Amino acid sequence: MVKKGRVFSGARPTGRQHLGNYFGAISNYVALQEEYDCVYCIVDLHALTTLESTRDLRKNTLEMAWDWLAAGIDPVKSIVFVQSMVRQITELHTILSMVTPLGKLTDLPTFKEKVRENPHNINYGLVGYPVLMSADIVLYKSNFVPVGIDQSPHIEFARETVRSFNFRYNTNALIEPQAKFTSFPKIMGIDGVNKMSKSLNNDIEIAATPEETTKLVMQMVTDPQRQRRSDPGNPDVCNVFSLHKIFTSPEQVASINSECRRAGIGCVDCKKMLAANMNDYFTPLRARRMEFQKDPDVTWDMLRDGAKRASVIAETTMVEVRKAIDLP
RNA sequence: AGGCCAGUAGCUCAAUUUGGCAGAGUGCCUGUCUCCAAAACAGGAGGUUGCGAGUUCGAUUCUUGCCUGGCCUGCCA
């Protein structure tokens, strides 16, 4: 089968993944595998820019890999690996940093945001984050990078870096990637206010047990106006309802919509249905994950195998890059 | 390399003046109330005060060495 080109995506090893990760990225990764050559990378070096301790780094890498594999990211169809396993990334990062004006880096919104979040640890690597990201993309000769609209400055940065390199060394060794925008449903946390996020502690892990899932769903914030069971509710402002749209059949969604508005069902009823549907949805994924969890070495071997395949592409790129620069 | 400032609960910071039981706000957990949640109220957990040494009856506080971060100066390239 002829594929439409190569897709690259990297994600920091944040451990067990939640609903936001799943519907924002993972399920898209799975879908893209059919039509594209996909390279999916757990970017542990990127994580070092903001990590104060690496104690949990391996564990978080493994936990995320398990969620990816269980979700259907196929290590045979796609190349799945850990960033640091392919050493060429650091070489290309260094080389690309030499064609990068510092001002471009400090102007990026993400950098300013990180500075605000973490003002006591502004390290060199953090500033160069987009350079490393660009290196990731071009090292594997990627054509497309699936991103949300908020990431478009970074892809534009990568494109400029490629043009800058190719022009300076009079080559076409590096391929200019394109952003591949996908509209993801925005998953709100159980607080109903913020985007679902591990650090805000408002997330539901896809691999949580049915009991944990149900407990968290029952804790979700609902329409604050609906105080009593007999009050009519407004699904339009209720985060439980927005999750129903993802996990629940259209018929049942329609029924919940109208029953909530006429106080035919209460929030407890509504949440119980959601938890049940959510657990049904993730049952096969959780079963597959359990299999992987039995032997971590199997997963590490898969990742190392992915790294081996990635290295072949990486070295091809680096041979061209070194030649263009005329490095010995 | 030198000078100055800072480091206290997950986070933001008090307490240091004049050494005397290490606190508040916020977040987190529990309870009451709610169909659930929210809000409100009540309760609870959370600390090697960056690390070590010294002075002292007693050190978050004073002295000193080190670590980390920030600002300034110098030096090398």
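A note on names: the letters A, B, ... follow the listed sequences, proteins ahead of strands, and every chain is numbered from 1. Predicted model only: the values in this text are computed from it and were never measured. Heavy atoms only: backbone and side chains are in, while hydrogens, waters and symmetry mates are out.
- Atom-to-atom, CZ of Arg226(A) to P of rU34(B) comes out at 16 Å; the value is rounded to the nearest Å.
- One atom, CG of Leu274(A), and another, P of rC35(B), lie 21 Å apart when rounded to the nearest Å.
- Asp191(A) and Asn194(A) share a donor-acceptor pair across their side chains, judged by distance under 3.5 Å alone.
- Among rC36(B), rC35(B), rA38(B), the nucleotide with an atom closest to any side-chain atom of Lys271(A) is rC36(B).
- Using a 4.0 Å cut-off between charged side-chain N and carboxylate O, Asp236(A) and Arg261(A) make a salt bridge.
- Between Arg289(A) and Asp67(A) there is a salt bridge, with a side-chain nitrogen of the basic residue lying less than 4.0 Å from a carboxylate oxygen of the acidic one.
- Positionally, the nearest nucleotide of RNA chain B for Lys215(A) lies more toward the 5' end than for the other of Lys215(A) and Ile190(A).
- Distance noted for atom C1' between rG20(B) and rC62(B): 15 Å (whole Å).
- Separating the P atom of rA9(B) from that of rG47(B) is a span of 10 Å, rounded to the nearest Å.
- The salt bridge (Lys or Arg N to Asp or Glu O under 4.0 Å) test with Glu315(A) is passed by exactly one of Arg322(A), Lys141(A), Arg87(A): Arg322(A).
- Distance noted for atom P between rA53(B) and rA59(B): 12 Å (whole Å).
- Within the 4.0 angstrom heavy-atom criterion, only backbone atoms of the sugar-phosphate kind lie near Gln219(A); the bases stay farther away.
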**OP:** Whenever both distances are under 3.5 Å in a Watson-Crick or G-U wobble pair, mark it; put RNA chain B into dot-bracket that way, with [ ] for crossing pairs and | when the partner is on another strand.
**Re:** (((((((..((((......[..)))).(((((.......))))).....(((((..]....))))))))))))....
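- Distance from the side chain of Asn201(A) is smallest for rC28(B) among the nucleotides rC35(B), rA37(B), rC28(B).
- The gap from the C1' atom of rA77(B) to that of rU17(B) amounts to 47 Å, rounded to the nearest Å.
- Taking atom CE of residue Met218(A) and atom C1' of nucleotide rA38(B), one finds them 14 Å apart after rounding to whole Å.
- Between the C1' atoms of rU30(B) and rC67(B), the separation comes to 39 Å (whole Å).
- Asp191(A) comes within 4.0 angstrom of no nucleic acid atom, judged by non-hydrogen atoms across all strands.
- With rounding to whole Å, Asp231(A) atom CG is found 13 Å from rA37(B) atom C1'.
- On the P atoms, rC5(B) is 42 Å away from rG43(B), given to the nearest whole Å.
- The P atoms of rC21(B) and rA15(B) are separated by 15 Å, rounded to the nearest whole Å.
- Computed from coordinates, the Arg229(A) CZ to rA38(B) P distance equals 19 Å when rounded to whole Å.
- Counting only N and O atoms by type, the side chains of Asn172(A) and Asn166(A) include no donor and acceptor under 3.5 Å apart.
- Listed by chain and number, the residues in a ring pair (Phe, Tyr, Trp, His ring centres under 6.0 Å) with Phe282(A) are Tyr22(A), Phe247(A) (sequence neighbours excluded).
- Going from atom CG of Asp223(A) over to atom C1' of rU34(B) covers 14 Å, rounded to whole Å.
- The residue Val221(A) sits close only to the backbone: its heavy atoms come under 4.0 Å of sugar-phosphate atoms, none of a base.
- Taking the C1' atoms as reference points, rC33(B) lies 39 Å from rU49(B), given to the whole Å.
- At a cut-off of 3.5 Å, with distance as the only test, a side-chain donor of His46(A) or Asp136(A) sits close to an acceptor on the other residue.
- Rounded to whole Å, atom P of rA37(B) lies 12 Å from atom NZ of Lys272(A).
- A salt bridge links Arg163(A) with Glu156(A); the closest basic N to acidic carboxylate O contact falls under 4.0 Å.
- If you take CE of Met273(A) and C1' of rC35(B), they are 13 Å apart, rounded to a whole angstrom.
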